[in-house]
Every structure is written in structure tokens, then in C-alpha cells.
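Residue numbers start from 1 in every chain, and the chains themselves are labelled A, B, ... in the order their sequence lines are given, proteins ahead of strands.
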Amino acid sequence: MKQGVIPDDLTAPFWSAANESKLVIQNCSQCDRLQHPPAADCGLCKSGDNLEWKEMSGTGRIYNYGVVHDCPIRLLQDDQPFNVAVIMLDDDPGIQMYSHLPGTPVDDVPVGSAVEVVFEESANGQKIPEWKVVK
Amino acid sequence: MATGYAPPSMYRSQEGMGIWEHRGKVAAVGVGHSPTERRWDERPETSVGAWSIMALRNAIADAGVSPDQVDGLVIVPATTTGAFWPKDKPLPQDVINSFVQTDDPLDGIAKLSVEWLLKNMPELTNINYSVYAPVCMSNALNVAAQAVGDGLAHTVLVLKAWHNLEGRYYQGGQNAQESIAGTSAMTSLWGAPACYGTALQFAEYCRKYGKDHDMMTPFIINSRRNGLMFPEGYWAQHRPEELTAEDYQLARWIAKPANLFDNDIPIMCAASYLFTTAERAKDMKQKPVYILNHADSDAVPRGLTPTLEEVEAECALTGRKIYEGAGITVDDLSFENMYDGFTQFHQFHIEGLGYRGIELGEALDFYQTDISIEGPNPVSPSGGNIGSGRSRFWMHTDSIQQLQGRAGGRQITGVNAEIGVSGGPMPLGGNYTVWSATPD
Ligand SMILES: [Zn+2]
């Protein structure tokens, strides 16, 4: 079970979109550039004036993965070992998100495969974007 | 006068800066260490402050100078290995009372300020330049070299110290909580341990070049062997155990493909070096080791964790910066002491250097050849983190000692020790020093 999430000022729009089963990523409209994780300023123009949240298509590819056997987070330790994959979004492969790849066997991960976003409940009910392999 | 962090202008971050303006004009002379310990036993005499003083005094004595000759201090104020003094734990009053205090009761226990050192080392009467460097000794060395070269001080002590407290690595704090703040949740909810990013780069490396985890074995065994000949190091002092191929290959996974021995082992220790001008170094007790260049990597990955492509590009750039500023080529390197904690990025560093002509994807094959200190191609003669625990400074101590001819059992014998390079930690965001037995 993933830890619960307490949205803060910077990330509240991301988490409320997730609760509506939408994936949004921070975008600088000046640079036309997505960035994740979100930050107070655009990583390129260094200004925070043109940051907005943009809805994503919710599709991506498995870039890479590892199998976690010794996890520092107490709530996840019962689930060990588990996959942690890096997903690259189709909207912009420079944007990466982590995934436990629900439904994919441990250490049997089809690198390069297409995935789509799903939303999974965490310990306090906050929904978290996750990714499933498209069959 | 409050000590601040060194300005970005002191680092050599760009390609195309030409030969370092102080090439060969700054030298390392003295080396000082504290003992090592896995965790602090909470006695005053083993505190991070006490061990810092010990390392500094050892460096002064090693260089054969008097304390009043020292006019500069470059230190890393952060001393944590990842452990922080718990908020609900009473302060160790007997330790605090054993030293002259600053306003911060954890100064000298879980952090370190220049002010604390000066209050507790009254013999340092002539410090008129002090500056902080973040995180690592590698960083502080770059700053100290530049400071001496620029004439900000002529005799500088550089210090890095580590404290480690009871409890398992990174298992407390927010990792033990039911809920966490939204910003850290973005990256930490999935439970990837610290080695995960490097493990992924290694996984991609193996897929791309047709290599596997077991090919790391000779490098691991060689590094532990070198470490056991490092009397200042943790394994030599506390657990003088060689590592076998079976030990390594059958070790439990942390984040596959990184296993226990691919990770670093946090320890308590402190080290100091005395840097001075090449001119003054001539009159000191040890053979001067001249600094030909220092280089900095300030790349930031686009995504959550650097891709193999980003890592390879940055290591190649770092290699070019190292050679350009030092006015040398790869053929001039007698040895390499790039960092290894995590083990699985050492090959990125040495491929970036093109060490002994290796190209991308060839380092693990190179590990299958003679990489020992007796051979023509010594790899990590310090033994690094694998050989002596995680200080991120063994490679610097070793480089200095190799070039002074006093590396003891680790002294490289297959080639003459003339020029070496050390640095790290990570491929993106490291600091590097080029050392030489002669100023030109
Ligand atoms: Zn922008």
C-alpha cells in the first residue's frame, strides 16, 4: 500500500486532478515545455509567471525498471519485492513517472511496451497515477 | 565574520575554459585522518567534532607546519550520512559540555561550522579566509585549490567529516509515516532506494552492450583487496574480510540489478588535507602533490532520474574538461580513482575518461583484464567505497599518497605514479581533481 498524500501548495492541482482520474503535468506556456516533478519556477526560463497545468493523454512507454527488494518505506515493505518502472510519456518522452506496474509480474517487465495511466488509492484515499501495460 | 558558501565562479564547470590558470601552482602536502566507526557510540571523543579536530591536527602535523601558519579553512558543514538527530531525543549534554559551544547545540555532533572548529582549536590563530563547500570532499578540494591559486589564502586546511547515528539507513522520518507531503510524494511514493537510479542506468547499459551483473565481480574483488591495504579505512580497521566472487554474486538484491555490495556503507570518519602554494610546499615535510586542474559537473537530468544517454554524455564532457584544464591527454594518466559508491557508475566515469583507451560499453570487459595495483592498468587503487566504506574521500587520499610514494601496500607498481585523477560522486553533479608528482 502506498503512503497517503497530503497535497501542498505546489502540487495540489496535480493531486486533485488525480482524484478525478486525470493526469496533469506542469507546463511553462512561455517555453512550451513540460516539467515533472513540478517546481516553483520553469527549469528553462527560471520564471514562475507562466506555469500552468496541462492534461496529458495518459499513454506512455516503459523506459526501464528495477526490482526493489529492500525499500526504505515501511508501508511498502510487505509488498517486497516489487517492480519500480520509469514511464516516459507519449506527450513528451522527457517527462518521466514512476510506476509499480500493477498486473505485471515481478521482474518480468516488457521494457519498451505501451502503458496507460490508471488511478490507484493510497493509504489516505488520495488517488495516485499508476501505469498498466496495454495488452 | 560569518562563513558563507563558495561562489559558483570558483568552480570550473564549462568546457572551453582552457588550461587552468593555476596549473601546477597549488599543492597538497599533508594528509590527516580520524579513525572510522560504523556508528557513533555517543562518547565526546568520538563525536564528529572531535574527529574533525583530530583529522585537522593530523594533517597539520603530517605537513610539518605549525598551526599558526594555516590561514584558510575550507570545510563541508553538512556531516550527515543520512542520519539526523531525532527531534524527540534529548541532546547529549555531556558531549556538548566537553567542547566550547556555538549557538547550535548540535554543532560538532550532527553538523559542523567553522566557528565551532575555531572555538575548539585555539591553536588556529591566523585563519583569515574560511568558506563552505556543499556535500563532498570533492567539492571542497575544488574550492580550496582555487582559493590558494587565487591568493585568498596560502595555507589551507580542507575538511570533510561524517556522522552516522544508530538505526537503519533512511528507515526513519517520512519513510516511516502513513502520509507524506504532496511534493515529496511525487518522487518517493514508489519506494525506490538510493541506488535505484544508478541500478537503472546499469540495467540499460547491460541491455545496450550485452553485459551482465556478474561481469562486475573482478572490479568488486579488486576494490575490496585494495581497501584492505588502506589502514585508514573501515574494512581494514573493523572487518578485514576479502570478498569472493560468490559473496558478491549471491548477495541479496537491494534494487535489482544492484545488490548489497553495489551499495555504499555509511560510516563515521573525517579527513583533512593541507593545501598550499607550490612555492611554500617546497619547505614542508612531505613531497608536494601538484594540482593540475579541477573540474565540476553541474548537469541536471530532464526527468526523474538520469538516462544512460545523459550519463554517458556528461561523463564524456567531464573527461574533456578534466584533460583540457590540466593540459594532458588520457595517455598521461598513471591511474584513475573515480568514485564507486554506487559501484555501478564507476564504468561510466572511466569510459568518460577513455581510461586506457576504453570506449563506451567496454569497461566491464576491461574489468576482466589485470586491473590490479601491480598491473599496467590500475583501476581504483584506493578501493573506494567498496574497499573502505563511504567517505567519498579515500580516492583523494590515495591519489595524494600514490604520488608521494607512500601508499604502502596499495602503492601501484605496474606503472610509475606520475599523474592521477580522482573525484565524484555521481556522473551528473561531481567534482574532480587532477594530481601530479611534478608541477609541469
Ligand atoms: Zn519557461
Name every donor-acceptor pair, under 3.5 Å, that has one atom in a side chain of residues 109-129 of chain A and the other anywhere in the protein, sequence neighbours excluded.
{"residue": "A:Ser113", "atom": "OG", "partner": "A:Pro110", "partner atom": "O", "Å": "3.0"}
{"residue": "A:Glu120", "atom": "OE1", "partner": "A:Lys2", "partner atom": "NZ", "Å": "2.6"}
{"residue": "A:Ser122", "atom": "OG", "partner": "A:Asn124", "partner atom": "OD1", "Å": "3.3"}
{"residue": "A:Ser122", "atom": "OG", "partner": "A:Gln126", "partner atom": "O", "Å": "2.9"}
{"residue": "A:Asn124", "atom": "OD1", "partner": "A:Val5", "partner atom": "N", "Å": "3.1"}
{"residue": "A:Asn124", "atom": "OD1", "partner": "A:Gln126", "partner atom": "N", "Å": "3.2"}
{"residue": "A:Asn124", "atom": "ND2", "partner": "A:Val5", "partner atom": "O", "Å": "2.9"}
{"residue": "A:Gln126", "atom": "OE1", "partner": "A:Asn19", "partner atom": "ND2", "Å": "3.3"}
{"residue": "A:Gln126", "atom": "NE2", "partner": "A:Trp15", "partner atom": "O", "Å": "3.0"}
{"residue": "A:Gln126", "atom": "NE2", "partner": "A:Asn19", "partner atom": "OD1", "Å": "3.2"}

Practice task
Taking atom types as modelled, find out whether B:Asp340 and B:Thr343 have a side-chain donor-acceptor pair closer than 3.5 angstrom.
Solution key: no
Handout entry: Ring centre gap for B:Tyr339 and B:His349 strictly below 6.0 Å
Key = no
Handout entry: B:Glu309 atom CD, over 12 foreign heavy atoms within 6.0 Å
Key = no
Practice task
Return the option, out of A:Gln3, A:Met97, A:His36, A:Glu130, with the maximum number of heavy-atom pairs under 4.5 Å with chain B.
Solution key: A:Gln3
Completion exercise
Note: vs chain B, highest number of non-hydrogen pairs under 4.5 angstrom among A:Asn64, A:Val68, A:Asp79 is A:Asn64
Exercise for the section: Decide, yes or no, whether a salt bridge links B:Lys208 with B:Glu312 under the criterion of side-chain N to carboxylate O below 4.0 Å. Expected result: yes
Exercise for the section: Select one option (side chain, backbone, both, neither) describing which atoms of A:Phe14 are under 4.5 Å from chain B's heavy atoms. Expected result: side chain
Exercise for the section: Pick one of side chain, backbone, both or neither for B:Ala199, based on which atoms fall under 4.5 Å of a heavy atom in chain A. Expected result: neither
Fill in the blank from the handout: Interface check, chain A: of B:Gly191, B:Ala185, B:Gly303, most non-hydrogen pairs under 4.5 Å belong to B:Gly191
Practice task
For this output row, return yes or no: ring centroids of B:Phe348 and B:Tyr205 closer than 6.0 angstrom.
Solution key: yes
Exercise for the section: Examine the side chains of B:Thr244 and B:Asp247 and answer whether a donor and an acceptor come within less than 3.5 Å of each other. Expected result: yes
Handout entry: Polar side chain donor-acceptor pair, B:Tyr248 to B:Asp262, under 3.5 angstrom
Key = yes
Problem - Sorted by number, residues from residues 80-93 of chain A in contact with chain B (heavy atoms, under 4.5 Å) - result: A:Phe82, A:Val84, A:Ala85, A:Val86, A:Met88, A:Asp92
